Each structure stands twice: as structure tokens, then as C-alpha cells.
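What follows is a single structure, written as C-alpha cells, with notes after it.
Please read all numbers here as calculations on a predicted model, not as lab measurements. Proteins get letters first, then strands, A, B, ... in listed order; numbering begins at 1 in each.
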Amino acid sequence: MPPRCQSRGQISSATCSRPQPASESTKRQGSTLVTHNPNAITALRSDLAGELRADDQGRRVAVCGWINARREHSQHLAFIDVRDHTGVVQCVVDNAHDLRSEYVVRVQATVTRRAAETVNPNLATGEIELKDCEVEVLARSDPPPIQIDARAGVDENHRLRYRYIDLRSERMQRNLRARALVNSALRAAMQRQGFVEVETPFLIASTPEGARDFVVPSRHSPGQFYALPQSPQLFKQLAMVGGIDRYYQIARCLRDEDLRADRQFEFTQLDAEASFVSQDDVLAFITEAVGDATEVVTSERTGEIPRLTWLEAMERFGSDKPDIRFGMELCDLTEVFATTDFNAFKAPSVKGICEPAGATKTRKQLDELTDKAKQWGAKGLVWMKVEPDLSLTSPVAKFLRDDEKQALVARLGAEPGDLVLVVADELARARHVLGLLRLELGRPAVNEGSLSFLWVVDFPLFEGLDETGAPIPAHHPFTMPNMADLELLDSAEPGVLLKVRSQAYDLTLNGWELGSGSVRIHRPDIQRKIFDLLGITPEEARQKFGFLLDAFGYGAPPHAGFAFGIDRLVALLVGEENIREVIAFPKTQSGADPLTGAPTAIDPRHLDELGLRLSPDPR
RNA sequence: GGUCCCGUGGUGCAGUUUGGAGUGCACGCUGGCCUGUCAAGCCAGAGGUCGCGGGUUCAAAUCCCGUCGGGACCGCCA
């Protein structure tokens, strides 16, 4: 066969830095050094199964992969589909009796156009097939516990136990490759904007605030522990003091908190920090990076990301990570019931939502909603059905005055057939419960419809007061207050303190918190004041964050940063509802790995070496 | 710490409400037939601790209690 010169580029040996073929028998054939994809060529193959096309007709090729399906017609004709990560190609063989599902094979064959009536339009390689096949079995397989193209779902625990097989699925291949594209797009975007990738340690000192730490016992210092980082927070600030100017890292973070669909013990963040910047600068950097990541997966660019203040988000959506893909916004009714005789509505705050066409709910469904509202902390839930004449049907209707009912309907813009839900409580609780009810009743699946990014800005500096009356930081204690609110810090009134805004901001997507950041305090006087307010004595501050405070004593540039979860971003970009679908080897909700069996007991001698002894009954 | 859902041949399900023989479906597996299929088709076959333990009952996959595992959520996640 004469060498064919293909239009897609010729591969010379000089461009191929891979190891040379191990032996003559595995050497690729001279004429097959022409391919669609330079990266396809290895010692064992010339092409990828899913990339062969009609214009490869006549080429002698070698493809490697797994047997996806076998169709035996007789002892003289059979088909096998060979699958690799690019797709499948059909091979025509005489006898496939010994070629079973998931066997790993190398097929040397000639690309042949199919007869018109046997073309398979559902297959990218459907116009061709491989003939004159020499099939070499590279590895046999037991019948796989998971069918790769399972038509029904497979139990997730089972998938995780055999994750190495599950990863062969088109879904997992797509997700992990999308994730790789996102990672490289993020790196490119950050580097283009002048950020420097700096790695930070995994074995660090435990810091007292925040989530529960994973800890690692020290062999050299028995009784002492390292913590695994919840984030590189302190190190990235030190990098700023160190003159890095712009730091970023695709960082693994570990937090020992209960798991959810959007939470794993271990997760990955794009972590960034920059010097001499404002909040707007940071939002611009991140918007650029997120835009590139989105584009590389969806081929569409996110435009300007809208902003909401925290206060507006809480008032309108009852959440600091509002899902703005649908309406049903919260409506304040406190004024409406300011003079009510109905005891249940005599509360600091009365708020409601209106579900369009929600009045068809049964008494049982409404009771279930009420139960949920109570579980979420409400004292109770009042429901009202809007009748055709805009009157209200409700167990409590008789306690309300006509003017109150009319004003309520008007405020909510309720229409006949709607369902109105009202919660009267402390402000924060009313917002919280109604925010959850809104999601319960109206929220589309997280992966449905558009990608609605949203910046939430102007978070409060403090999220509440602890038992001693000291304010609780909403973000972390190094968050810079809004300069316009600086004087409020001197107020002795807790109510005033809680109104202080911070230069902290979150990025959300379809109701998931992607990440957060803040402008940091670099002025020792402001930092002292914040510690003061938080009830942290100078001694405590020194003990907890001494090295950072020391560093800030040697010329800390004004700086600000951000970090967002790559697992969550990728999941939503590829339309998954669960970040486990974009993590190669995730853990179950109880933190176990069904594949490796982790966590496991360790050898008593190992414990001894670490100076550890287990309590008699460690649950 | 709490609420809810799920657990039945290798896989995914139905059966549980109203107790009556491990009864059924699809995929897979094994053998056979079949020369153009492509999630091939046809025939035959193998394969079960109904998660586990206890209770009620003449009788439990089914009802009750407990427990283990998986999932969703609340709390938690500065």
C-alpha cells in the first residue's frame, strides 16, 4: 500500500517525544504515520477508534480499546465494537466467540467504507468499518459488574465501588475531560492577568476558626498535630506580604463537615489574591476566569454578571445565595399587619410568598409544607388560597380584617388560583424559612435552564451575636469593613454593629455558592479594633494568628482575594446535579470510599509510634 | 444531632398498601442456531441469606422494633 498523504498533517518522528516502540512487533507501520490526531499515535496504535472517518478509507490502522459490544451472526460473520475515549468503531470479524465484553484488544485492520445500506448514521464512525482484522487480546475481563452503556441508572454505591469501570462511561469521560478543560482555561486566564501560581503546604497549623479540621498526628512530636488546610487563606495573604503581587492556585481544600450533593471533604478551589486592588478589580479578575471556563465547556460566553447587595438578596430571596432563575420573591407584609388583632402575626417581621397556581394543593400537602417550615425553625406557617373574587380561603381567614386581606393580596400581586404562604417571626427567621419554602415550591433542578451567575456584595461584617453579646464574623476576622461604615464600629449598640457592611462578596450560580472573597484588613489599627469587637484579646490574637500579625508589621500591601469551587462550577457547566459526578474518586455521604474501603483502622504499632491510644469504644 | 426516601439473582426494577410456595419484567451471563448487524435476533439454561438481627403470626420480601449501608435535605460548612 503506498503511503497516503492526509490533509490533516503529517507526523514526523521528530515531533513525537514519546518512548519508542518496545519491539519490532509493536512498531507502527510505515504508512500509518498519518493521522487525525498526533496524540493518537503510540507504540500500539495509529488512530483513535472514534476518530476514523470515510476519508481514511484504505488505510491500514491499529486501534486499541475495550470491546463495547459483540454481535455474532454465525460462525462466519460477527461484529465487535471497539471503544476508546473518543468513541466506538465497528470491526468485522469471522468469529468473535472468544472476544467478550470489556476485553482489551488491539485491532490492526483496513478502514473500509460501508455499503450504503449498512451505514449507521447514529455513529460518528458509521460510514466506515474495519475489515481484514487481526485482533490481539491484550487483557481479558470478567463480566463487568457495571454495563458501560447501561440503559437504566446504576446504584451509586455500586458505581463508586467499581469506579474504574464507571469511569469508562461516556458521561464520566465527558465530565472529567470538561473538568480538565476548565482547569487549563482557569490557569490560562489567571496567568494572562498576571497571576503567579504558588503552591502552599498541606500540613499546617490548626487554626481555631471555621470548619472542623482534618488533623494529622506528628511522629516527630507525639501529641502534636498538623491540620490539613481548609483553604490556603493565611498563606496567600503572606504571599502578598512577600511581594508576589498576584497569587493563584488550583488548591485542594479539606473540611471535616457533613457532606451534601455539593460538598465533599476534599474539594478544589481556584484560589486567588492580589495586591493594590479594589473589590471591583477582584470581581473583574474572577469574572474573566469564570467566563473563560464557561466558554470552554459550553461555547458560550457569560456576559456581565449581575450584582445584588446581600441585603437585597436576603429581602427578596431569603438567601445569601439566591437562585434568580425564577421569581416568587419574598414580600414584606409587616406594615400590612402592623395593627392586626391576629396574635400569630404580631411579630417583628411578617413576610410572604405567592406561588402562582399553587392553590390546587391538598390539605395533606399543605400540612407537609407546614411541617417543613417548623423543622426549618418557624413557629408555624399560614397558608391562604386565593379565590376567583380575590377573597382568601385559609384556616386563619376569620382572624384577619378585610382591609388586611385586601392589602395582602395587593402587596403580593396575588391572582386567583395562587397560594400564599406567610411566616411571622424574627426578621432573620422569616427570611430564612420563606427562602427555603420558595426553593421547595419553585426551584427548577439546579442543572436546568440557563446558567445564572450572580455576585452578592456588601455582606455584613457580623452575622449575629454570640451568647456573650460579642458579634460573630460573617466571613473571617481579616475582612475589611466598608470604609463608609467605619465609624459605626465605634458604636456600643449591637444593633448598629450588625449594620456594618464589609468588603466581602460571594459568587453564586443557580443557587449554589460558588465561592467568596473579601478585601483584607492590612491596617493594624483596624485589625485591632475588629479583634476587640470580636472579644479576641491581643494575647489570643497573638496565639491564633501571631505569624500573620507579625508579617503585617513589616509592610503589608492592601490586598483582596477570592476563591471558588471548581467542583461545583464544573458540575453545573456539564449539567450535573451532584459534584460526585465530576470527581474521579469521590466519597459517599458518610465519608467512606467504597472502592478503597477508607477510612480504615491502622496498625496498633503505628498508633504507638504516634503516641496515640484509642478510647475503649470509639463508636 | 434531626427529617424523609431507598435496600429483592451479576445489574436495574415490579411485587410490600390488603401476609399465603422466591412469583414476574428488562439487561447481563453460559450453551446452541443464524453471512450485514450495530443497545442484533431466535431457542435453551444457570443464577436468590428479599441488607442484617429480633418480634407478631399457622404462615413474613410484605406488619412491628432495632441495626447496617446508600441517597436528599435541616443543623453544621469563619
Side-chain angles (χ1 to χ4, degrees), chain A residues 68-81 88-97 100-102 114-123 125-126 129 131 142-162 165-166 207-213 230-231 233-234 253-265 267 321 368 371-378 432-433 436 439-440 445-446 459 461-464 466 471-479 502 504 513 516 518 534 544-545 565 577-578 580 587-592 594:
Chain A
N68 198 51
R70 173 185 62 154
R71 296 177 290 278
E72 259 188 304
H73 264 268
S74 70
Q75 292 182 3
H76 311 289
L77 175 67
F79 304 94
I80 57 171
D81 292 339
V88 299
V89 65
Q90 170 168 284
C91 306
V92 185
V93 295
D94 293 337
N95 185 316
H97 190 260
R100 301 303 173 107
S101 260
E102 299 306 315
R114 297 193 192 187
E117 64 274 17
T118 64
V119 164
N120 183 350
N122 301 319
L123 218 54
T125 59
E129 60 193 0
K131 285 196 158 173
D142 291 333
I146 296 175
Q147 293 171 242
I148 306 302
D149 53 359
R151 56 192 78 181
V154 179
D155 177 73
E156 197 180 347
N157 200 35
H158 193 68
R159 287 176 60 201
L160 294 186
R161 180 168 175 191
Y162 298 100
I165 298 173
D166 188 49
T207 49
E209 311 289 330
R212 203 173 289 119
D213 281 327
Q230 296 178 24
S231 78
Q233 181 63 39
L234 298 174
C253 306
L254 298 104
R255 295 179 191 171
D256 187 5
E257 296 292 346
D258 290 351
L259 305 184
R260 289 281 201 286
D262 60 351
R263 284 181 1 208
Q264 285 272 303
F265 285 153
F267 59 100
K321 47 178 180 179
E368 283 167 2
D371 286 344
K372 284 186 176 171
K374 285 179 178 167
Q375 200 202 330
W376 293 333
H432 175 68
V433 172
L436 290 173
L439 295 178
E440 175 77 19
V446 71
F459 269 65
L461 192 60
F462 307 114
E463 65 179 13
D466 67 16
I472 304 163
H475 192 54
H476 59 59
F478 314 111
T479 303
S502 69
E513 181 189 326
S516 60
S518 63
L534 295 174
K544 291 174 174 175
F545 313 111
E577 295 185 82
N578 193 306
R580 293 188 297 272
K587 293 185 174 49
T588 67
Q589 199 166 66
S590 65

Length of the CZ-C1' vector between A/Arg260 and B/G70, whole Å: 16 Å

Complement of B/A72, any strand, by Watson-Crick or G-U distances under 3.5 angstrom: B/U3

salt_bridge(A/Arg580, A/Glu156) N-O dist < 4.0 Å: yes

B/A46 pairs with, by Watson-Crick or G-U criteria that keep both distances under 3.5 Å: none

Residue whose nearest RNA chain B nucleotide is more 5′ - A/Leu160 or A/Thr118: A/Thr118

Presence of donor-acceptor pair under 3.5 Å, side chain of A/Arg255 and base of B/C77: no

Detail all sub-3.5 Å separations between protein N/O atoms and N/O atoms belonging to nucleotides 32-35 of chain B.
unit_1: B/C33; atom_1: OP2; unit_2: A/Gln75; atom_2: NE2; d: 3.3
unit_1: B/C34; atom_1: N1; unit_2: A/His73; atom_2: O; d: 2.9
unit_1: B/C34; atom_1: O2; unit_2: A/His73; atom_2: O; d: 2.7
unit_1: B/C34; atom_1: N3; unit_2: A/Glu72; atom_2: O; d: 3.4
unit_1: B/C34; atom_1: N3; unit_2: A/His73; atom_2: O; d: 2.6

Rounded distance in Å - CG (A/Leu436) to P (B/C76): 12 Å

Over 12 non-hydrogen atoms of neighbours within 6.0 angstrom of CD in A/Gln75: no

B/G28 to B/A59 separation - C1' atoms, rounded to the nearest Å: 35 Å

Distance, rounded to the nearest Å, where A/Asn157 contributes CG and B/C68 contributes C1': 12 Å

Minimum-distance nucleotide (side-chain atoms of A/Arg100 versus B/U37, B/C29, B/G75): B/C29

Nearest-angstrom distance from the residue atom NZ of A/Lys587 to P of B/G69: 16 Å

Donor-acceptor under 3.5 Å (A/His476 side chain, A/Ser518 main chain): no

Sugar-phosphate, base or nothing in reach of A/Thr588, heavy atoms under 4.0 Å: sugar-phosphate

Sugar-phosphate only, base, or nothing, as touched by A/Arg161 at under 4.0 Å among non-hydrogen atoms: nothing

Separation between the P atoms of B/G75 and B/G2, rounded to whole Å: 16 Å

Between B/G48 and B/U56 - P atom distance, rounded Å: 30 Å

Main-chain N/O of A/Cys253 paired to A/Ser231 side chain as donor or acceptor, under 3.5 Å: no

Closest nucleotide among B/G12, B/C76, B/G28 to the A/Gln147 side chain: B/G28

d(CD, A/Gln375; C1', B/C76) in whole Å: 14 Å

Any A/Arg71 side-chain N or O less than 4.0 Å from OP1/OP2 of B/A40: yes

P spacing across the pair B/U62 / B/C50, given as an integer number of angstrom: 10 Å

Whether A/Arg100 side chain and A/Pro143 backbone form a donor-acceptor pair below 3.5 Å: no

Counter-base of B/C77, judged by Watson-Crick or G-U geometry with both distances under 3.5 Å: none

Over all atoms of both residues, closest heavy-atom pair of A/Ala261 and A/Asn578: O-OD1, 3.4 Å

Rounded interatomic separation in angstrom, taking NE2 from A/His158 and C1' from B/G7: 14 Å

Pair partner, B/G24 [Watson-Crick or wobble, under 3.5 Å]: B/C13

Touch class at under 4.0 angstrom, heavy-atom based, for A/Asn578 against every strand present: sugar-phosphate

B/G71 versus B/U8 - spacing of their P atoms, nearest Å: 15 Å

Rounded distance (Å) that lies between atom P of B/C77 and atom CG of A/Asp258: 11 Å

Residue matched to B/C63 through Watson-Crick or wobble contacts both under 3.5 angstrom: B/G55

Pair of N/O donor and acceptor under 3.5 Å linking B/G28 base with A/Glu102 side chain: no

Side-chain donor/acceptor contact of A/Arg70 with base of B/U37 under 3.5 Å: no

B/G70 OP1/OP2 closer than 4.0 Å to side-chain N/O of A/Ser590: yes

B/A72 phosphate, OP1 or OP2, under 4.0 Å from A/Gln589 side-chain N/O: yes

CG on A/Asp213 to CG on A/Leu254, rounded to 0.5 Å: 9.5 Å

Ionic contact status for A/Arg71 with A/Asp81, cut-off 4.0 Å: yes

Other residues, nucleotides, ligands: >12 heavy atoms within 6.0 Å of A/Arg161 CZ: no

Distance, C1' atom - from B/A60 to B/C73, rounded to whole angstrom: 32 Å

Listed nucleotide nearest any side-chain atom of A/Val154, set B/C73, B/C77, B/U11: B/U11

Distance, C1' atom - from B/G9 to B/A46, rounded to whole angstrom: 10 Å

Given B/G36, B/C77, B/G71, the nucleotide with the shortest approach to the side chain of A/Arg580: B/G71

Rounded distance (Å) that lies between atom P of B/G28 and atom CD1 of A/Ile165: 16 Å

B/U16 versus B/A61 - spacing of their P atoms, nearest Å: 14 Å

Criterion side chain to side chain contact (heavy atoms under 4.5 Å, CB included) on A/Val93 and A/Phe79, from CA distance to verdict: CA-CA 6 Å; A/Val93 295; A/Phe79 304 94; over 6 Å; no

Sugar-phosphate only, base, or nothing, as touched by A/Asp155 at under 4.0 Å among non-hydrogen atoms: sugar-phosphate

Sugar-phosphate, base or nothing in reach of A/Ala115, heavy atoms under 4.0 Å: nothing

